[in-house]
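A short write-up of the structure that comes next.
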Amino acid sequence: MSAPSSSPTPAPSSYKDVPTRSVSVRGVDFVYRQLGPEGGGVPLILLHHLTAVLDNWDPRVIDGLAARRRVITFDNRGVGASGGSTPDTIEAMARDVVLFIRTLGFEQVDLLGLSMGGFIAQVIAAEEPQLVRRVVLAGTGPAGGPGIDKVTALTLRDILKGFLTAKTPSSSSSSPTLNTADAKHAPSWNG
């Protein structure tokens, strides 16, 4: 029998291979994944859409973002493998995100908010401006904006349609893809 290797396990190079971790925030376990270089630089926290979990992030997108910086995804309270009950308001979700970020020990972060995650990112930026360096909002809008009140109903309709037809947007052949060769030309958020 050979002796165990003393060299550290190599860090995963793709989001699809990243282990899921857990951290307790005020007695509630939040699951998360992180990819990219640890150490200096401001981490990017990704806030996802209504009903999304860790596995809904496209590994190709995460891999491109994590090529130059640490990227962290997580499940909101009461969603996916995170514990607790789902908050009733965006403001409560934003407070959870702030506590999660602080529990991980970060003094400043960048936020990328997708859809409902954009609502959450806006609240965090307004209420905790010292915590947020930059915000990227994607597929989102302001609270009370036109059509925002219809998002949940449309989402539930699309979920039902997907269930009944056994098709999801990711199984469509017209789904856009990220050319990872282009990721190296993407602007840097490190400065």
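Each residue takes its place number in the sequence, starting with 1.
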State the CG-CE distance between L47 and M93, to the nearest 0.5 angstrom. 11.5 Å
With sequence neighbours left out, write down each residue that passes side-chain hydrogen bond (donor to acceptor under 3.5 Å, both in side chains) with S82, or none if nothing qualifies. none
The criterion is side-chain contact (heavy atoms from CB on, under 4.5 Å); which residues satisfy it with A138, sequence neighbours excluded? L114
Which residues pass the side-chain contact (heavy atoms from CB on, under 4.5 Å) test with T140, not counting sequence neighbours? F119, Q122, L137
Between R95 and F100, does a side-chain contact (heavy atoms from CB on, under 4.5 Å) hold up when you go through it step by step? CA-CA 9 Å; R95 284 190 297 274; F100 170 78; over 6 Å; no
Is V25 close to D96 at the side-chain level, that is, under 4.5 Å between some pair of heavy atoms? no
Pairwise distance CZ(R21) to CG(D29) - rounded to 0.5 angstrom: 15.0 Å
Which pair of heavy atoms, one from A92 and one from P87, lies closest together, and at what distance? CB-CB, 3.6 Å
Working note: V79 + V53, criterion side-chain contact (heavy atoms from CB on, under 4.5 Å); need CA distance, chi angles, decisive distance, verdict. CA-CA 7 Å; V79 177; V53 296; 3.9 Å; yes
Side chains of L46 and V71 in contact at under 4.5 Å (non-hydrogen atoms): yes
For residues A121 and V135, report the shortest heavy-atom separation together with the two atoms involved. CB-CG1, 4.1 Å
Does the side chain of T103 come within less than 4.5 Å of R26's, by heavy atoms? no
Contact between I90 and M116 at the side-chain level, heavy atoms closer than 4.5 Å - yes or no? yes
Which residues pass the side-chain contact (heavy atoms from CB on, under 4.5 Å) test with E128, not counting sequence neighbours? V98, R102, I124, Q130, L131
Hey, what do you get for CD1 (I62) to OG (S14), rounding to the nearest 0.5 Å? 10.0 Å
Say whether, by atom type as modelled, one donor and one acceptor occur between the side chain of H49 and the main chain of N56 under 3.5 angstrom. no
Straight-line distance of N76 CG to T51 OG1, nearest 0.5 Å: 11.0 Å
Identify the two heavy atoms, one from Q108 and one from V42, that lie closest to each other, and give their separation to 0.1 Å. O-CG1, 3.5 Å
Check D75 against G80 and note the closest heavy-atom contact, atom names and distance. OD2-CA, 3.5 Å
Identify the two heavy atoms, one from P43 and one from I72, that lie closest to each other, and give their separation to 0.1 Å. CB-CD1, 4.4 Å
Does T73 form a side-chain contact (heavy atoms from CB on, under 4.5 Å) with Y32? I'd like the steps, not just the answer. CA-CA 6 Å; T73 62; Y32 69 101; 5.8 Å; no
side-chain contact (heavy atoms from CB on, under 4.5 Å) involving V28 - partner list, sequence neighbours excluded: F30, R77
So, taking the atom named CD1 in I101 and the one named CZ in F74, what distance separates them when rounded to the nearest 0.5 Å? 7.0 Å
Quick one: closest heavy-atom pair of L54 and Y15, and the distance? O-OH, 3.0 Å
Salt-bridged, D110 to R69, with N to O below 4.0 Å? yes
What residues, two or more places apart in sequence or in another chain, satisfy side-chain hydrogen bond (donor to acceptor under 3.5 Å, both in side chains) together with T20? R33
Just verifying a value: how many Å separate L44 CG and L112 CG, rounded to the nearest 0.5 Å? 5.5 Å
